[in-house]
Structures are given as structure tokens and as C-alpha cells.
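Have a look at the structure below before the remarks.
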Amino acid sequence: VRTTNSEVAVDSVLGIRAFSLDRVLETDAEFLSDAQEHMHDQTVTSVGITTQGECDLEKLNQWLGVLLKEKGVDMFRMKGVLAVQ
């Protein structure tokens, strides 16, 4: 998918059924195995926030700004699904 300034049409990336478990298993038969060895950094933790309804965009931006200013160097990743009014 070609983009300009990271803009991409949603229809070009959603619902295209690009992931195929069969294709992954052809190249990595152990993909679904629980016996795989991997290491976790015990200092990395996660936080989940669940709330009902919509977020106020201005308040959300203010809160995220403060959070990033105060804790940004400690944050590895942020992701989420939000309903914004």
C-alpha cells in the first residue's frame, strides 16, 4: 500500500484477509505451541483501562499530554480503541 504522509485509506488495510494461519504454519509449525521458549523482561508491566461511553477529546488529549510528559521515558507502547465525542 502506498501512502503519503502515512495517510492510507481504511478499506485498503482492513478486511483484506491478509493473515493466513495456514501460511504461517507452513513456515513455522510451532507457531501455536505453548512449549516455545521466550523471555519476558520482568520490569515491563501493563495497564488496562475500561470505561463505559465516549471520551471527551480535549480532556483525553490533556491527560495523555500530562502522562507522556511525566512518564513518557518509562512508556514502551500505548494502544487502544476509543470512542471519542
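Not measured: the values here are computed from a predicted model. Sequential numbering from 1 along the given sequence is applied to the chain's residues.
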Distance-only donor-acceptor hits, side chain of residues 41-61, under 3.5 Å, sequence neighbours excluded:
unit_1, atom_1, unit_2, atom_2, d
Asp41, OD1, Thr43, N, 2.8
Asp41, OD1, Thr43, OG1, 2.6
Asp41, OD2, Thr43, OG1, 3.3
Asp56, OD1, Glu58, N, 3.1
Asp56, OD1, Lys59, N, 2.9
Asn61, ND2, Leu57, O, 3.4

Distance-only donor-acceptor pairs under 3.5 Å for side chains of residues 1-21, two or more places apart:
unit_1, atom_1, unit_2, atom_2, d
Ser12, OG, Ala9, O, 2.6
Ser20, OG, Arg23, N, 3.1

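Taking the side chain as every heavy atom from C-beta outward, Met78 and Leu68 approach each other to under 4.5 Å.
Leu67 and Leu82 fall within a single hydrophobic cluster, where Ile, Leu, Val, Met, Phe, Trp and Tyr side chains are chained together by heavy-atom contacts under 4.5 Å.
Residue pairs meeting the ring pair (Phe, Tyr, Trp, His ring centres under 6.0 Å) criterion with at least one partner in residues 40-64, sequence neighbours excluded, are His38-His40.
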